[in-house]
Chemist: 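I'd like to ask you about the structure that follows.
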Amino acid sequence: MKQLNFKRFALLLAANSFFLSSYGFCQDIDSVAVTNPDSIYATLSEPEKRFSRNAVAGLKVADGLEATLFASEPNVVNPINIDVDHRGRVWVCEAYNYRPAVNGRSELGQGDRILILEDKDGDGKADVTKVFYQGPEINAPLGIWVMGNKAIVSQSPYVWLFTDTNGDDKADKKEILFKGIGGTQSDAGIHAFVFGPDGKFYFNYGNAGKQLVDGQDRPLLDKYERPIDFRQYKQGVVFRCEQDFTKVEIMAENFRNGFEVAVDSYGTMWQSDQEEPGNGGDRVSYVMESGNFGYVDEMTGASWRLNRTNVEDEVPRRHWHQNDPGVVPDLLETGSGFPMGMTIYEGDLLPRKYWDQIILADAGQHYVSGFPVENDGAGYKSTGVIPIIEGTKDKWFRPTDVCVAPDGSLIVSDWYDPVIGSNQMKDRSRGRIFRIAPPGTPYKIPVFDLSIPEQAVKALQSPNLSMRYMAWNACVKHGWNAEPFLEELFNQYNISPRLRVRALWVLNRIEGFNYRSLDIAFRHINPNIRIAALRAVRQRNSDPTEYIKRLTADPDPQVRRECALAINHNHTYEALDVWLQLAKQYKGKDRWSVEALSIGAYDQWERIFPAWLERTGSKPWLTDSGKDIIWLARTRQAIPYLEAAAADTSVSFKTRLRYFRAFDFFRAGYEKSQALLNVLSVNSSDRIEVSKLALLHLDKSFVTNSQQGRTALNKLLDETYGTEHYIDLMTRYELESENDRLLKMALDKSDEVVGRDAGALLLEQAGISYVTDKLAGLNEAKKSALLASFQTVGSSESIYLLRTFALDNNEPVSVRRNAAKYLGGSWPGEEAVVKLLREDRLDGAVKEAALEGVKNAFREEIKAQLAPYFPKPKEEVKEAPTAPKSKKERRRRRRDRD
């Protein structure tokens with residue numbers, strides 16, 4: 001018998017499978033050997049695409065990698081966060097009960113589950129599913145961190161600690177670690193804990209978190225034993241604490257909703273952050289210690305949507321106040337999605353291009369991807385995106401988290417739902433867990449005996465965080481017995497420096513250890529090891545200034561950055577000298593460096609700035625570095641130099657906008673007011689723009705109550721009358737004496753945007769009585785013109801006026817028609833037109849004009865309500881076919897029909 005060609009057999013089998021499915025049989029791609037799985041996947045029906053056995057076929061996996069379905073429904077539903085323990089078991093935090101008011105309540109009437117999934121035979125698929133804990137108090141949790149027989153579960157308003165005391169994989173003990181956290185049933189509440197190389201825990205909450213206290217309702221103390229005042233901190237926050245959950249530190253603030261912080265082996269923190277949806281502003285940040293990350297205005301707490309001087313050109317950058325002094329720059333913006341869990345891949349099982357990279361799960365953009373990062377001055381920049389797994393075919397793929405297993409493979413959780421965001425989910429019956437590894441790689445977990453120091457040090461090199469947690473604590477417990485093996489690891493030149501520096505962190509925690517390795521680290525050729533050494537010393541010494549001074553003249557700007565961050569809140573004379581030396585080496589045009597200098601000078605500008613001036617010279621605003629430091633300095637002593645930079649006509653007006661914005665970060669006072677008045681007197685080609693900016697930044701009461709201020713304002717109002725500059729000034733100062741000029745501007749320019757702005761401002765400022773009196777004295781044409789200037793206002797006053805004139809039978813028909821037409825110029829006005837039509841209060845030409853004004857309504861519900869009132873289009877009258885006159889004609893028509 002001839003051998004059947006395998007490819008042909010596969011295609012026949014696939015075709016047969018499709019034939020069977022069309023008659024109600026279930027089709028399964030994985031059971032068919034096909035040469036083109038994409039084309040076969042496209043033939044599946046929508047219900048078939050949702051079957052878990054076709055889950056992998058709906059994904060695009062990067063070259064050199066293979067995805068396997070580790071677990072799926074019904075064993076797992078709605079996985080929101082995962083962790084992988086030192087045994088390779090996947091712990092799943094389910095969120096079945098998320099937003100019951102939106103998505104419906106649980107039919108089971110039970111709380112959410114914490115699951116343990118175990119692959120016993122190494123085939124990359126879970127064989128055993130256990131419920132570690134389920135209870136009514138677990139209600140849409142957001143994070144899980146596993147440490148041996150314990151698990152931390154994050155769920156506002158609590159952080160829970162569950163302990164398995166007898167080894168049966170069931171929680172026997174439950175404690176509250178933290179409480180009082182905002183964001184219950186919100187994805188912007190408390191998130192997962194992770195383990196850092198320093199032996200501490202890192203965690204975060206989004207902008208709904210607000211605060212936290214310990215499990216006994218006691219306020220938290222920082223590392224200086226001071227109560228933390230959460231009112232000082234803005235929006236989302238990143239935290240660090242000891243393993244006993246004491247000495248809580250706030251590491252950075254002013255995020256919107258960072259879902260998970262990731263810490264690499266050098267101790268560098270990274271975090272994604274979710275935008276306000278639809279603005280292309282999701283981002284990934286290097287979390288610079290003590291940094292402000294710009295979600296809201298630092299001084300006022302205002303939204304990014306409010307206009308401000310030197311506003312960013314691109315909305316994603318505007319979203320995070322990237323042009324403001326004192327805001328740490330973003331690493332990159334990733335667009336509009338829903339970034340969630342992330343990790344740093346420090347294994348070597350995946351292809352080399354993924355080594356040491358940020359790995360992010362974005363549920364909104366259907367991908368898990370790597371983000372390569374390289375140095376950029378004192379900070380970093382991303383060099384692109386390296387896809388790992390994408391839902392290019394199956395748009396229900398919603399990756400929520402990604403973790404590194406002990407063997408170096410990736411474990412990915414998938415919420416699996418057709419929607420994301422708006423607190424909604426449409427399918428609460430599904431969920432998937434995938435394993436990503438090179439093709440054919442078995443899931444084999446290394447085993448270490450942590451009671452042996454040498455084995456514990458080997459386990460410390462694991463790519464898995466839970467294993468590193470176990471090994472770190474074992475090494476610290478071994479103490480001096482582990483020291484030789486740790487030093488050997490640190491001095492091993494032919495391995496990744498990330499592995500070497502892990503040994504340094506542990507040595508730093510062993511009491512009485514030999515300082516040889518630390519001294520070597522401070523002189524190491526690798527700047528990241530020097531940075532880690534400084535970070536380690538800072539955690540060990542109450543005053544590490546002597547160590548900081550050893551790196552102050554370091555040639556690497558990132559090391560110098562770390563020195564600047566290290567003197568935050570350090571008020572010693574040595575710290576002052578460190579800052580001055582760092583500032584001297586700063587050459588300008590490196591935002592990361594100058595923001596680090598600003599953090600180092602926090603609350604010390606009064607002593608730092610004059611010392612810096614003494615060393616710098618008389619005109620610091622003429623150098624790039626001097627301009628940057630003046631821009632950031634928060635002391636009134638800097639105001640004269642800020643004035644000089646703002647008035648420097650040798651540079652473009654756009655370049656000087658940053659200095660006018662810097663004035664906003666000073667409270668009202670004589671120095672600020674006088675400096676801005678001085679800028680008004682500078683003669684230049686852009687004098688009007690400069691004068692306007694100065695007046696907009698001056699304190700309102702100072703201008704209106706001083707002769708000098710009023711004179712300058714009146715002069716500029718005269719020069720700018722009829723323009724948007726005039727409107728901006730009037731919006732700020734609201735001068736009643738200008739009402740008549742506003743009226744004239746509204747009448748003369750009612751068909752222009754600036755005229756409608758004048759009308760809106762007039763109505764708001766002068767009031768409806770003033771406007772009504774003026775309307776009574778106008779002729780027919782001017783009355784319509786003034787009403788036209790109110791058409792886009794949408795306030796209750798403007799709606800009242802337009803509605804009144806449209807219905808007033810004593811007014812000329814042209815005025816009534818125009819008022820009716822203008823009424824539909826705003827969304828509230830459209831609603832007013834609908835109401836008048838329903839009440840049948842419009843007729844004839846006035847009704848036609850009102851319909852003309854709303855014919856381009858945008859909202860679907862308004863269009864539906866208006867539809868019955870528009871005349872129906874005339875239907876074309878079809879001519880009836882004539883009857884056939886002969887048998888031959890009848891036969892021909894029958895053939896045509898057939």
Side-chain angles (χ1 to χ4, degrees), residues 147 194-202 222-224 240-249 251 263-269 289 344 346 450 453-454 456-462 465 467-493 495-551 554 558-559 561-563 565-568 570:
M147 39 188 185
V194 297
F195 180 67
D198 51 0
K200 297 186 178 185
F201 294 146
Y202 293 74
D222 63 17
K223 63 180 181 180
Y224 303 110
R240 178 170 69 189
C241 69
E242 297 286 352
Q243 287 189 28
D244 61 359
F245 309 103
T246 62
K247 298 182 180 179
V248 176
E249 300 173 70
M251 306 304 293
V263 189
D264 66 24
S265 290
Y266 302 122
T268 304
M269 298 172 287
E289 186 179 339
I344 309 298
E346 296 186 347
L450 300 182
E454 186 176 7
V457 173
K458 287 183 178 179
L460 188 65
Q461 301 169 57
S462 171
L465 281 181
M467 177 65 82
R468 299 212 298 259
Y469 163 83
M470 303 284 287
W472 192 96
N473 283 286
C475 288
V476 171
K477 185 177 180 180
H478 287 307
W480 290 357
N481 292 327
E483 187 174 340
F485 304 106
L486 290 167
E487 287 192 334
E488 181 183 357
L489 174 60
F490 175 71
N491 290 311
Q492 196 170 337
Y493 67 90
I495 62 171
S496 167
R498 292 172 183 260
L499 302 182
R500 300 173 64 182
V501 81
R502 290 180 199 170
L504 185 69
W505 285 109
V506 179
L507 286 168
N508 189 59
R509 278 298 186 101
I510 296 175
E511 290 297 329
F513 85 103
N514 192 306
Y515 277 77
R516 285 192 305 270
S517 296
L518 199 59
D519 290 334
I520 292 171
F522 271 98
R523 301 191 304 271
H524 203 280
I525 192 173
N526 187 319
N528 283 312
I529 292 181
R530 302 198 295 275
I531 289 171
L534 180 55
R535 289 171 176 169
V537 166
R538 288 178 60 201
Q539 294 190 20
R540 187 179 182 89
N541 295 65
S542 58
D543 182 10
T545 312
E546 288 302 317
Y547 288 93
I548 299 171
K549 290 167 67 175
R550 294 171 65 174
L551 297 176
D554 196 281
Q558 296 200 342
V559 177
R561 172 207 71 207
E562 209 62 29
C563 292
L565 301 178
I567 58 173
N568 178 258
N570 186 332

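Everything numeric in this text was worked out from a predicted model, so none of it was measured.
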Chemist: Within the distance-only criterion (no hydrogens, no angle test), does the side chain of W472 pair as donor or acceptor with the backbone N or O of P197 below 3.5 angstrom?
Modeler: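 Between the backbone of P197 and the side chain of W472 there is a qualifying donor-acceptor contact (under 3.5 Å).
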Chemist: To the nearest 0.5 Å, what is the distance between CD (Q558) and CZ (R561)?
Modeler: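 Between Q558 CD and R561 CZ, I get 5.0 Å after rounding to 0.5 Å.
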Chemist: For A471 versus A456, what's the shortest heavy-atom pair and its separation?
Modeler: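 Nearest pair, atom of A471 first, then A456: CB-O, 3.4 Å.
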Chemist: With side-chain contact (heavy atoms from CB on, under 4.5 Å) as the test, pick out the partner of C475 among L486, I510, L450.
Modeler: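 Answer to the side-chain contact (heavy atoms from CB on, under 4.5 Å) test with C475 among L486, I510, L450: L486.
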Chemist: To the nearest 0.5 Å, what is the distance between CZ (R509) and CG (N473)?
Modeler: 9.5 Å
Chemist: What pair of heavy atoms forms the shortest contact from R502 to L460, and how long is it?
Modeler: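 Residues R502 and L460, closest heavy atoms: NH1-O, 3.0 Å.
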Chemist: From the options E242, Q243, R240, select the one residue that forms a side-chain contact (heavy atoms from CB on, under 4.5 Å) with F201.
Modeler: Q243
Chemist: Hey, what do you get for CD (E562) to OH (Y266), rounding to the nearest 0.5 Å?
Modeler: 13.5 Å
Chemist: Between N568 and E289, is any pair of side-chain heavy atoms under 4.5 Å apart?
Modeler: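 Counting from C-beta outward, N568 and E289 never come under 4.5 Å.
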Chemist: Donor-acceptor check, side chain of N508 to backbone of A536, threshold 3.5 angstrom: yes or no?
Modeler: yes
Chemist: On a heavy-atom basis, which atom in L504 and which in A533 lie closest, and how many Å separate them?
Modeler: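 Minimum heavy-atom contact is CD2-CA, 4.0 Å.
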Chemist: Counting C-beta onward and ignoring hydrogens, is there a side-chain heavy-atom pair between L489 and I495 closer than 4.5 Å?
Modeler: yes
Chemist: To check you understand the geometry: which heavy-atom pair defines the closest contact between D244 and T246, and what is its length?
Modeler: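 Of all heavy-atom pairs spanning D244 and T246, the closest is OD1-OG1, 2.6 Å.
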Chemist: Atom CD of Q461 and atom OG of S496: how far apart are they, to the nearest 0.5 Å?
Modeler: 10.0 Å
Chemist: Could you check whether any side-chain heavy atom of F490 comes within less than 4.5 Å of a side-chain heavy atom of I529, counting everything from C-beta outward?
Modeler: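 Yes; the side chains approach each other to less than 4.5 Å.
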Chemist: Check whether the side chains of S265 and R500 place a donor and an acceptor atom closer than 3.5 Å, and report yes or no.
Modeler: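 Side-chain D/A pair, S265 to R500: absent.
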Chemist: How long is the straight-line distance from CZ of R498 back to CD1 of I344, given to the nearest 0.5 Å?
Modeler: 7.0 Å
Chemist: Can you tell me how far CG of D264 sits from CG of N528, rounded to the nearest 0.5 angstrom?
Modeler: 7.5 Å
Chemist: Any side-chain heavy atom of N491 sitting closer than 4.5 Å to one from R516?
Modeler: no
Chemist: Taking the side chain as C-beta and beyond, is there a heavy-atom pair between T268 and I531 under 4.5 Å?
Modeler: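 When only atoms from C-beta onward are counted, I531 and T268 do not touch, as no gap falls below 4.5 Å.
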Chemist: Counting only heavy atoms from other residues, nucleotides and ligands, does the tally under 6.0 Å from CD of Q492 exceed 12?
Modeler: yes
Chemist: Taking the side chain as every heavy atom from C-beta outward, state whether M147 and F195 have any pair of such atoms under 4.5 Å apart.
Modeler: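 Not touching, per the 4.5 Å side-chain cut-off.
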Chemist: Before giving the answer on side chain to side chain contact (heavy atoms under 4.5 Å, CB included), spell out for V537 and E546 the whole-Å C-alpha distance, their side-chain angles and the decisive distance to 0.1 Å.
Modeler: CA-CA 10 Å; V537 166; E546 288 302 317; over 6 Å; no
Chemist: Near I525 CD1, under 6.0 Å, is it more than 12 heavy atoms from other residues, nucleotides or ligands?
Modeler: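 No, because the 6.0 Å sphere around CD1 of I525 holds 12 heavy atoms or fewer from other groups.
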Chemist: Do you know the tightest heavy-atom contact between A532 and V501?
Modeler: CB-CG2, 3.2 Å
Chemist: Looking only at heavy atoms, which two atoms of H524 and R530 are closest? And how far apart?
Modeler: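 Looking at all heavy atoms of both residues, the shortest contact is O-NH1, 2.7 Å.
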Chemist: Within the 4.5 Å heavy-atom criterion, are R535 and W505 side-chain neighbours or not?
Modeler: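 A side-chain contact exists here, since the closest heavy-atom pair is under 4.5 Å.
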Chemist: Do the charged groups of D198 and R538 touch, with an N to O distance under 4.0 Å?
Modeler: no
Chemist: Evaluate the side-chain proximity of I567 to T545: yes if any heavy-atom separation is below 4.5 Å, no if none is.
Modeler: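 Not touching, per the 4.5 Å side-chain cut-off.
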Chemist: I'd like to know if E249 pairs up with K200 as an ion pair, taking the criterion as any Lys NZ or Arg NE/NH1/NH2 lying under 4.0 Å from an Asp or Glu carboxylate oxygen.
Modeler: yes
